[in-house]
Novice: 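Attaching a single structure in structure tokens format; questions to follow.
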Amino acid sequence: MKNIKFEITHESTDTNARCGILKTLHGDVETPIFMPVGTLATVKFLSVEEIKAIGSGIILSNTYHLWLRPGSDIIEKAGGVHKFMNYDGPMLTDSGGFQVFSLADNREIKEEGVTFRSHLNGDKLFLSPEKAIQIQNQIGADIIMSLDECIHYPAKHDYVKESVDRTLRWAKRGKETHSRSDQALFGIVQGGEYEDLREYCAKELVKMDFDGYSIGGTSVGEDKETMYKMVDYSIKHLPHDKPRYLMGVGAVNDILEGIERGVDMFDCVLPTRIARHGTLITSQGRINIKRNIYKDDFTSLDPNCDCYTCQNYTKAYLNHLYRSKEGLGDRLCSIHNLRFLIKLVENARIAIKENKFKEYKEKIYSEYKFDERGF
RNA sequence: GGAGAAGUAGCGAAGUGGCUAAACGCGGCUGACUGUAACUCAGCUCCCUUCGGGUUCGGUGGUUCGAAUCCGCCCUUCUCCA
């Protein structure tokens, strides 16, 4: 049984952007795609029905977090993560590699794997590339990731080289461990901001022949221009006919820049996290709905948005929900932010098919007011 | 009418001679957030301001080198008894 199939349906003539279909056993996903993050087998605050209603084609979950709670055995016993959370669409799991980065205070990296201190109770945990795959086999997502080391920025060339070599050995070990033919396995390109290391890592991964390739180690503190270079350096050496996934990227301009460079998949916690913190992404830029000026603003968030929130609620009401710390606000704003990005990418697909992606990007940029840092 | 208790910044509440423009919490304002330890975190919140300065702790008059803190009187609120 073939795990996934990727078909390129259109290549834009004005940029490197392309459209495709990712066929999984839980349904087809049109690319480019933005994937909402549901770390603990839940996109925070949203029901599966709501996730589907916003047009989400595929969602993410996380190996490290599900391993700790409820435990991958429980998920396996439930019949896999799809059944566990009552979701029948495509799903992807991250390997725990990002937690090697984000829980850096509590871990030690060795050739064999990573020793963690559980962020929940301090338990000593050991995650190896084999273990990361075994857990993901138990969880049962359609697409799974190799364990990688996501490196801080900036990092010295020597260290990055050493780390990339280890990530490559981990990728190989993970691939040899992978036992489920119904799950696609992606390798992850690292290499920091160094062109030679990105190239080296990409080429070595391609030799191992993964089902798809992720670009990792971005949005870890570098400026945007550097990040785009990291993408350029990596993507250049990836096979044309395999999906490319830019991990952890979800700012409006970053998605558009990624698509322009030939990225097929994105995921990011940004839309859901900032939604919970009261920040909303609109076609005119970000707004903070908690601000006083929205207290009696009875217009909708974004006149151009077709989401449930914009169709039914006013800024004044959302402002009230946040001031009152009512969870409905977090939910409604998460729906909006996710729908905004999903729609952004849906329209990008249309533009690509018409060979007008560049024009599309420029139109978005002309309306969207970025702050001085580019968000 | 009598007996107690209390009045501190928008609110609640510490402080009971100098280290106090006054802890802390709430409320308010602003900002951050990119493969989720995040319904979180950071800053500001008497007035003018860059340093710095100016007015504060119910009112008023004292004591003291120095008072939100001690004393007198006045005002207000609460509780209990008649």
Side-chain angles (χ1 to χ4, degrees), chain A residues 34-46 58-66 68-69 92-107 116-122 132 141 143-151 153 186 188-190 214-224 227-228 230-231 245-255 257-258 263 265-281 286-288 290-295 319 321-334 337 341 371-375:
Chain A
F34 178 80
M35 308 183 281
V37 180
T39 303
L40 282 158
T42 164
V43 177
K44 294 186 193 296
F45 279 95
L46 303 193
I58 170 168
I59 62 173
L60 242 72
S61 210
N62 184 275
T63 301
Y64 169 84
H65 288 286
L66 291 180
L68 261 64
R69 205 160 50 184
L92 181 153
T93 40
D94 184 27
S95 59
F98 185 72
Q99 281 63 44
V100 175
F101 167 81
S102 65
L103 302 173
D105 294 343
N106 302 323
R107 58 94 164 126
F116 280 96
R117 284 280 170 191
S118 160
H119 69 281
L120 297 173
N121 59 13
I143 302 171
I144 68 175
M145 294 294 129
S146 297
L147 184 67
D148 64 328
E149 181 191 347
C150 182
I151 308 163
Y153 176 87
F186 282 28
I188 303 176
V189 181
Q190 292 287 345
S214 304
I215 299 167
T218 63
S219 56
V220 288
E222 77 283 10
D223 58 63
K224 285 176 183 281
M227 178 170 101
Y228 303 151
M230 291 173 171
V231 174
Y245 163 27
L246 179 54
M247 306 183 83
V249 167
V252 167
N253 46 358
D254 297 342
I255 290 175
E257 295 296 329
V263 173
M265 304 159 71
F266 302 85
D267 80 287
C268 198
V269 304
L270 198 63
T272 42
R273 180 181 293 163
I274 66 177
R276 272 176 271 125
H277 299 167
T279 300
L280 291 151
I281 312 167
R286 287 194 190 183
I287 67 167
N288 184 342
K290 291 189 281 196
R291 290 183 59 187
N292 201 236
I293 52 171
Y294 300 117
K295 216 166 186 168
N319 176 277
L321 292 178
Y322 274 93
R323 284 173 189 274
S324 311
K325 297 182 176 27
E326 283 291 338
L328 180 61
D330 303 64
R331 170 194 236 89
L332 293 174
C333 291
S334 294
N337 278 353
L341 292 186
D371 62 27
E372 64 277 7
R373 293 172 48 257
F375 281 95

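Sequence lines set the chain letters: A, B, ... in the order given, protein chains first and strands last, and positions in each chain run from 1. Computation of the quantities below employed the complete heavy-atom set of this structure, encompassing side-chain atoms and omitting hydrogens, waters and symmetry-equivalent molecules.
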Novice: Testing the basics here: between A:S219 and A:G248, what is the closest heavy-atom pair and its distance to 0.1 Å?
Specialist: OG-O, 3.3 Å
Novice: With rounding to whole Å, what would you report as the distance between B:rC73 and B:rG2 at their P atoms?
Specialist: 15 Å
Novice: Counting only Watson-Crick pairs (N1-N3 plus N6-O4 or O6-N4) and G-U wobbles (N1-O2, O6-N3), all under 3.5 Å, who is the partner of B:rC46?
Specialist: B:rG54
Novice: Which base, if any, makes a Watson-Crick or G-U wobble pair with B:rA13, both distances under 3.5 Å?
Specialist: none
Novice: Under a 3.5 Å limit for both distances, which nucleotide forms a Watson-Crick or G-U wobble pair with B:rA5, could you say?
Specialist: B:rU77
Novice: Determine the Euclidean distance between corresponding C1' atoms of B:rU56 and B:rU20; express it in Å to zero decimal places.
Specialist: 11 Å
Novice: Measuring only the C1' atom in each nucleotide, how far is B:rA6 from B:rG15? A whole number of Å is fine.
Specialist: 16 Å
Novice: Report the distance from atom OG1 of A:T279 to atom CD1 of A:I287, rounding to the nearest 0.5 Å.
Specialist: 9.0 Å
Novice: Taking the six-membered ring for Trp, are A:F116 and A:Y64 parallel (under 30°), tilted (30 to 60°) or perpendicular (over 60°)?
Specialist: tilted
Novice: Is a donor on one side and an acceptor on the other found under 3.5 Å between the side chain of A:S146 and the backbone of A:I188?
Specialist: no
Novice: Checking base pairs now: Watson-Crick or wobble, both atom distances under 3.5 Å. What partners B:rG72?
Specialist: B:rU60
Novice: Find out whether A:R276 and A:N337 are in side-chain contact, i.e. whether some heavy atom of one side chain is under 4.5 Å from a heavy atom of the other.
Specialist: no
Novice: Taking the same atom, P, in B:rG59 and in B:rG52, what whole-Å distance lies between them?
Specialist: 29 Å
Novice: Which one is paired to B:rG35, where only Watson-Crick or G-U wobble pairs with both distances under 3.5 angstrom count?
Specialist: none
Novice: Between B:rC80 and B:rU63, how far is it from one P atom to the other, in whole Å?
Specialist: 41 Å
Novice: Grab the N/O contacts between the protein and nucleotides 44-46 of chain B below 3.5 Å, and write none if there aren't any.
Specialist:
none

Novice: Expressed in whole Å, how much space separates the C1' atoms belonging to B:rG58 and B:rG7?
Specialist: 6 Å
Novice: Just how far, in rounded Å, is C1' of B:rC29 from OH of A:Y294?
Specialist: 15 Å
Novice: Hunt down the Watson-Crick or G-U wobble partner of B:rA82, both distances under 3.5 Å, from any strand shown, or write none.
Specialist: none
Novice: Rounded to the Å, how far apart are A:D330 CG and B:rA38 C1'?
Specialist: 12 Å
Novice: If I take atom OG1 from residue A:T272 and atom CZ from residue A:F45, how far apart are they, to the nearest 0.5 angstrom?
Specialist: 11.0 Å
Novice: Quick one: A:L66 CG to B:rA37 C1', roughly how many Å, whole number?
Specialist: 14 Å
Novice: Please determine whether ring-ring contact (aromatic ring centres under 6.0 Å, His included) holds for the pair A:F98 and A:H65, giving the CA-CA distance in whole Å, both sets of side-chain angles, and the decisive distance to 0.1 Å.
Specialist: CA-CA 11 Å; A:F98 185 72; A:H65 288 286; 9.5 Å; no
Novice: According to side chain to side chain contact (heavy atoms under 4.5 Å, CB included), who are the partners of A:C268, at least two apart in sequence or on a separate chain?
Specialist: A:F34, A:L270, A:P271
Novice: Please measure how far the P atom in B:rA14 lies from the corresponding atom in B:rC24, and state the result in whole Å.
Specialist: 15 Å
Novice: Each nucleotide in nucleotides 30-36 of chain B should get exactly one letter: B, S or -. Can you fill that in based on protein heavy atoms under 4.0 Å?
Specialist: SSBBBBB
Novice: How far does CD1 of A:I59 sit from OG1 of A:T39, to the nearest 0.5 angstrom?
Specialist: 10.5 Å
